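Predicted model only: the values in this text are computed from it and were never measured. What you see below is based on every heavy atom in this structure, not just the backbone, and it leaves out hydrogens, waters and symmetry mates. Numbered from 1 within each chain, the chains take letters A, B, ... in sequence-line order.
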6 protein chains.
Amino acid sequence: MRPSGRTFDQLRAIALEPGFSKHAEGSCLAKFGDTHVLCTASVEDRVPPFLRNTGKGWVTAEYGMLPRSTHSRTDREAAKGKQSGRTHEIQRLIGRSLRAVTDLVAMGEMQIKIDCDVLQADGGTRTASITGAWVALHLAFQKLVAEGKLAAVPLIDHVAAISCGIFEGTAVLDLDYPEDSNAQADANFVLTGSGGIVEVQGTAEERPFTRAQFAELMELAEKGVTELVAHQKRAVGL
Amino acid sequence: MRPSGRTFDQLRAIALEPGFSKHAEGSCLAKFGDTHVLCTASVEDRVPPFLRNTGKGWVTAEYGMLPRSTHSRTDREAAKGKQSGRTHEIQRLIGRSLRAVTDLVAMGEMQIKIDCDVLQADGGTRTASITGAWVALHLAFQKLVAEGKLAAVPLIDHVAAISCGIFEGTAVLDLDYPEDSNAQADANFVLTGSGGIVEVQGTAEERPFTRAQFAELMELAEKGVTELVAHQKRAVGL
Amino acid sequence: MRPSGRTFDQLRAIALEPGFSKHAEGSCLAKFGDTHVLCTASVEDRVPPFLRNTGKGWVTAEYGMLPRSTHSRTDREAAKGKQSGRTHEIQRLIGRSLRAVTDLVAMGEMQIKIDCDVLQADGGTRTASITGAWVALHLAFQKLVAEGKLAAVPLIDHVAAISCGIFEGTAVLDLDYPEDSNAQADANFVLTGSGGIVEVQGTAEERPFTRAQFAELMELAEKGVTELVAHQKRAVGL
Amino acid sequence: MRPSGRTFDQLRAIALEPGFSKHAEGSCLAKFGDTHVLCTASVEDRVPPFLRNTGKGWVTAEYGMLPRSTHSRTDREAAKGKQSGRTHEIQRLIGRSLRAVTDLVAMGEMQIKIDCDVLQADGGTRTASITGAWVALHLAFQKLVAEGKLAAVPLIDHVAAISCGIFEGTAVLDLDYPEDSNAQADANFVLTGSGGIVEVQGTAEERPFTRAQFAELMELAEKGVTELVAHQKRAVGL
Amino acid sequence: MRPSGRTFDQLRAIALEPGFSKHAEGSCLAKFGDTHVLCTASVEDRVPPFLRNTGKGWVTAEYGMLPRSTHSRTDREAAKGKQSGRTHEIQRLIGRSLRAVTDLVAMGEMQIKIDCDVLQADGGTRTASITGAWVALHLAFQKLVAEGKLAAVPLIDHVAAISCGIFEGTAVLDLDYPEDSNAQADANFVLTGSGGIVEVQGTAEERPFTRAQFAELMELAEKGVTELVAHQKRAVGL
Amino acid sequence: MRPSGRTFDQLRAIALEPGFSKHAEGSCLAKFGDTHVLCTASVEDRVPPFLRNTGKGWVTAEYGMLPRSTHSRTDREAAKGKQSGRTHEIQRLIGRSLRAVTDLVAMGEMQIKIDCDVLQADGGTRTASITGAWVALHLAFQKLVAEGKLAAVPLIDHVAAISCGIFEGTAVLDLDYPEDSNAQADANFVLTGSGGIVEVQGTAEERPFTRAQFAELMELAEKGVTELVAHQKRAVGL
């Protein structure tokens with residue numbers, strides 16, 4: 001029995017609210033249960049130096065947590081003067097995940113910066129970030145299409161993410177904080193709409209897991225991502 | 001005529017939503033029109049070194065803006081590795097304002113950290129921060145009273161803040177971004193519920209202002225703060 | 001009775017010594033009693049990026065305290081690797097104050113950097129900084145005029161600053177350290193030669209102050225600045 | 001055909017040279033072909049704060065690259081004043097991998113710091129780091145056993161790591177730099193001596209990979225780690 | 001012929017003005033011609049961790065230049081967020097030089113921090129710093145003796161410093177900026193009152209110098225330090 | 001008797017192993033007994049800003065110690081976020097030493113960055129760094145000559161370095177760690193192949209040393225450098 005009463009393969013209540021931000025070209029408030037992440041997409045003319053004059057675009061991401069998004073207050077990274085290793089890890093993951101489904105040539109020489117800021121955390125902030133970021137990115141591209149700056153949305157596929165883990169001996173989908181902090185092993189899967197694997201990060205916490213367990217987690221993830229993709233479609237009006 | 005159609009002494013639509021955050025001991029989403037600031041109050045056992053073993057408490061504040069809370073994206077302070085002078089200025093102002101109405105002896109040796117994070121900015125983020133922070137602080141104190149850790153809420157008075165300025169030659173209340181960026185002079189007033197002055201910060205932008213103009217702004221501020229205090233009362237159930 | 005024996009509306013002994021520095025284009029050692037601030041003005045060809053090719057100039061300021069300018073030694077900011085919030089606040093204030101009386105168009109595309117370094121502190125370092133900085137700036141402009149690089153000194157007016165406060169229930173002018181650290185409230189006023197308000201920063205320390213008290217402080221400030229402006233005139237030979 | 005002429009399931013020449021450092025309690029120069037990583041283990045009395053007085057130990061890791069370990073020179077992180085996101089990612093991975101096979105209770109309240117410094121890089125520096133770090137850690141524990149400070153080496157199992165990837169459409173083992181920079185997808189596998197999964201990190205570079213491909217990579221990794229474990233046994237004299 | 005008209009073995013006009021600072025326990029404004037350094041000595045109760053409970057004291061130094069002490073403005077180290085290599089070099093040199101003549105046991109468990117801040121630079125700032133710092137340190141010790149906190153001034157000897165160099169083929173004493181920036185080689189000598197060598201730092205700029213030249217410079221230095229020691233005696237009233 | 005059994009004027013076992021690094025244009029593993037420093041030379045097109053369009057080249061150096069190169073582990077500078085004063089001192093010394101024997105005009109507008117990384121420390125790391133760096137630099141220049149990018153190696157002379165000190169009352173050559181940490185005084189000499197002095201840094205540790213002692217140390221250094229130069233010749237094939 002899961003602490004939340006969910007079945008082993010049940011997602012938390014998912015909401016992807018488009019247009020949360022007045023200023024951003026695209027935005028989405030992604031809610032995975034009590035985990036709430038504000039994702040915004042900002043269009044910029046300048047690409048990073050290594051892409052200048054190549055005609056190619058870039059998508060990158062930054063991630064942060066509000067100090068009191070967590071159970072007890074976490075020190076503000078801006079006040080400490082540096083971002084943690086965990087923050088670096090997550091924002092690089094978000095960026096790679098989105099680039100894997102973006103046609104960087106078709107988008108042309110521009111950059112889109114995704115900001116994923118966790119307003120409230122209850123486990124799974126990186127998976128909510130990726131899932132919501134795709135919506136924000138799509139909306140920003142739609143806006144550019146509407147303005148005649150792009151011919152079509154240069155996204156090849158959906159990308160969404162979910163965590164799975166072994167909790168009290170059972171493989172379960174979409175870990176919340178009480179599960180995550182007691183899981184024996186957990187893995188984050190970033191998958192495309194067509195089921196391809198973009199990123200996999202599995203970590204054994206208490207003891208190593210087996211290849212069979214890992215396959216079980218991946219299967220759960222495929223189910224979860226299929227549902228998340230349906231939410232994404234609704235959010236962007238597809 | 002003001003860009004928003006408001007009269008010269010009219011506040012924007014104000015909302016002080018208590019309990020926005022699941023984890024914080026006290027929280028408030030403060031909305032001054034399109035300016036939205038999430039204020040949380042976190043109770044901590046440890047006081048700063050200069051107060052150890054004095055029996056006195058402390059209230060301090062931190063301030064931040066989400067990168068895309070602004071019209072065009074602002075660099076993330078955590079990524080740059082330092083907070084701007086403006087951030088330092090504002091968070092010091094919030095802390096001083098709250099301490100001015102807190103009975104630090106009555107609260108006993110504990111610390112409350114206020115975080116004011118701007119989700120969306122449209123002018124007046126520091127005034128919305130102070131006004132919402134008072135609500136978050138009050139709610140945290142109420143919780144401590146409910147838990148029997150404090151005998152009574154150790155707040156001597158309300159404190160709220162509003163900006164006023166000279167826009168197109170006229171003194172107006174509660175500047176929004178289009179006004180703020182074109183004002184000839186503007187001032188932020190932090191006042192108590194009983195009308196006392198806690199902080200005043202006036203800045204001439206285009207040309208110096210006169211003592212008479214300054215008095216006019218202060219009068220507008222008193223009207224505005226009276227209304228804000230009424231909102232605060234409702235938010236904390238007084 | 002004030003600790004120093006001064007009357008309520010009496011400035012400390014003021015000295016504005018021009019030409020203290022051999023290298024700077026303009027310089028002034030500003031003494032407000034035992035508060036000594038070395039102000040230098042450095043002319044640079046390059047303007048900040050946002051002004052390039054606009055034909056407009058810029059005036060900016062930096063502020064620092066020598067570690068043992070204070071009663072007990074203060075840590076060196078360069079050694080700590082960052083400037084305090086107080087330093088940021090003060091240097092931004094100095095810069096804004098000077099720009100308010102500078103004709104940035106008339107000065108043309110160049111930048112003047114003001115450095116205000118406190119050699120000895122006894123209260124009122126920011127007001128001595130602003131008052132002395134105007135002298136340093138004027139001298140630097142005079143030098144540019146003498147060299148034929150400017151047609152006239154592009155300063156529209158004087159700017160000078162003074163602090164006032166409520167000390168033992170009475171409004172007094174030009175707080176020194178013993179007064180400042182025991183004042184019930186204090187305010188810094190930055191005024192022009194013609195009496196306009198450029199900046200006002202009032203802070204209640206112990207208890208809020210009233211509108212009447214605030215008006216009283218402003219009146220004292222006007223008297224004080226009138227005297228400071230006379231000192232400035234002598235220092236620059238007007 | 002692989003650039004190096006290796007078969008698809010062939011490791012590079014592996015050497016794990018124990019005792020490379022005169023001072024460290026344990027050390028190993030790990031060579032995976034032209035990738036050379038110096039791994040040292042340093043025993044310290046103090047554990048991190050969260051473990052004080054728990055009787056439990058800790059193993060942590062730091063990672064660095066010499067500036068000219070790479071094809072073209074990389075800026076020195078100490079000179080830049082911060083470690084990159086990649087460095088953070090890798091050193092966290094090394095630490096987690098080692099802790100997964102360490103009996104932290106049996107080792108008692110002490111800390112072992114692993115330093116993995118890349119002297120020369122040719123792909124796979126993180127996998128060589130983990131594989132060599134286990135040897136350094138084992139040697140440090142052996143020394144503590146020899147000194148009578150521990151009853152037995154508190155390592156539950158081996159841990160070793162290898163990368164696999166899809167290169168020109170084929171799954172291959174132990175990518176070197178020319179393969180790594182052209183792989184369509186690659187994954188790092190951290191496995192125990194008994195075949196359990198400790199960490200998996202898979203990343204699609206050009207296009208998503210399929211579940212079948214991923215299984216193929218995992219199988220290759222199991223073969224590779226089996227060979228690495230044999231090298232580890234020889235290096236520590238088992 | 002030297003640019004200043006001095007003879008080859010002539011110091012610049014030297015002035016060591018004691019008591020320049022109102023707050024510091026000891027202070028000295030050291031002038032070597034147009035090079036002016038403010039040296040203060042601050043007594044602190046706490047010693048660095050490695051000396052706690054040893055009964056021994058410590059003397060350390062920090063060094064800084066005001067931004068416009070130099071011919072053209074130098075960036076403020078506090079604003080850049082780090083001290084330059086040159087600053088580190090110089091402040092370590094000052095500290096070592098003073099400790100070489102201090103009886104750290106006799107001074108007991110306390111720390112004296114020396115701050116050397118360059119108000120105006122014209123070559124030889126480090127030698128003026130050391131020479132003035134000895135005066136500030138002596139005065140601070142005298143004050144502690146007068147207050148009954150020390151039985152006697154725990155200084156074993158004088159220490160003073162001077163630079164010498166090869167300028168236009170000739171060995172000269174006490175380089176000023178025009179000489180320093182054109183010298184073929186220069187060396188800084190830190191000597192005691194009794195002629196012992198505490199520190200020597202010689203650097204060939206244009207071409208290596210010979211052993212004979214080096215001996216010639218050392219002889220000049222001995223002459224210069226003898227004169228500086230006489231100035232020190234007068235400054236501290238010996 | 002020296003701890004190592006060496007005679008007073010005997011170097012440790014010296015080895016200068018060229019070509020240690022696969023990627024660097026020039027490299028050398030310099031061994032002075034148990035002190036091992038990896039020196040690499042990296043050729044870059046870009047010169048520092050102050051040399052652009054002057055036709056002149058530049059040689060600069062960086063220095064670092066692996067955390068466990070030392071007897072007990074030293075914190076990693078990249079993790080602390082800043083380089084120590086000692087590191088700054090040493091890398092500036094290496095750079096100046098090499099530039100003293102390089103014909104910067106003949107090398108043309110390019111930059112060579114020397115990295116000296118201490119793999120194992122046992123005293124004398126800066127002297128091993130300079131001696132090995134010259135070899136790495138020479139090899140890099142040889143490569144540029146072989147590629148036709150330079151007509152001849154633009155090195156005017158050898159440069160090598162050695163430390164000498166007063167150990168138990170006797171002047172000895174090439175201090176190792178046990179000597180260095182107990183020396184009464186020590187000095188580092190950087191000399192050219194033809195015997196010229198490039199840099200001298202002498203420091204009295206316990207008590208000042210005399211001019212006669214200093215001359216004795218210099219004589220020892222000349223002997224030592226003569227031998228080091230012979231090693232350099234063999235390493236670069238002269």
>> Taking the side chain as everything from C-beta on, heavy atoms only, tell me whether E:K82 gets closer than 4.5 Å to F:K82.
In response: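 When only atoms from C-beta onward are counted, F:K82 and E:K82 do not touch, as no gap falls below 4.5 Å.
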
> Given side chains that start at C-beta, do those of F:R92 and E:R86 come closer than 4.5 Å, heavy atoms only?
Replying inline: yes

> Where does E:Q213 contact chain F at under 4.5 Å (heavy atoms): side chain, backbone, both or neither?
Replying inline: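 It is neither, since no heavy atom gets under 4.5 Å.
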
> Does NZ in F:K56 sit with more than 12 non-hydrogen atoms of other residues, nucleotides or ligands closer than 6.0 Å?
Replying inline: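 For F:K56, atom NZ is not crowded (no more than 12 foreign heavy atoms under 6.0 Å).
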
> Just wondering, more than 12 heavy atoms not from E:R46 lying within 6.0 Å of its CZ?
Replying inline: no

> Tell me, side chain or backbone of F:Q91 under 4.5 Å from chain E's heavy atoms, or both, or neither?
Replying inline: neither

> Quick one: what part of F:F209 sits under 4.5 Å from any heavy atom of chain E, side chain, backbone, both or neither?
Replying inline: both

>> I need the contact set between residues 98-112 of chain E and chain F: heavy-atom distance under 4.5 Å, sorted by residue number.
In response: none

> Mind checking which of residues 185-204 of chain E sit less than 4.5 Å from chain F, heavy atom to heavy atom?
Replying inline: E:T192, E:G196, E:I197, E:V198, E:E199, E:V200, E:Q201, E:G202, E:T203, E:A204

> What option among F:M218, F:R211, F:R96 has the most heavy-atom pairs under 4.5 Å with chain E?
Replying inline: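 Looking at each of F:M218, F:R211, F:R96 in turn, F:R211 comes out on top.
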
> Nearest 0.5 Å, what's the CD-CD distance between F:E89 and E:E89?
Replying inline: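 So the gap between those two atoms works out to 5.0 Å.
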
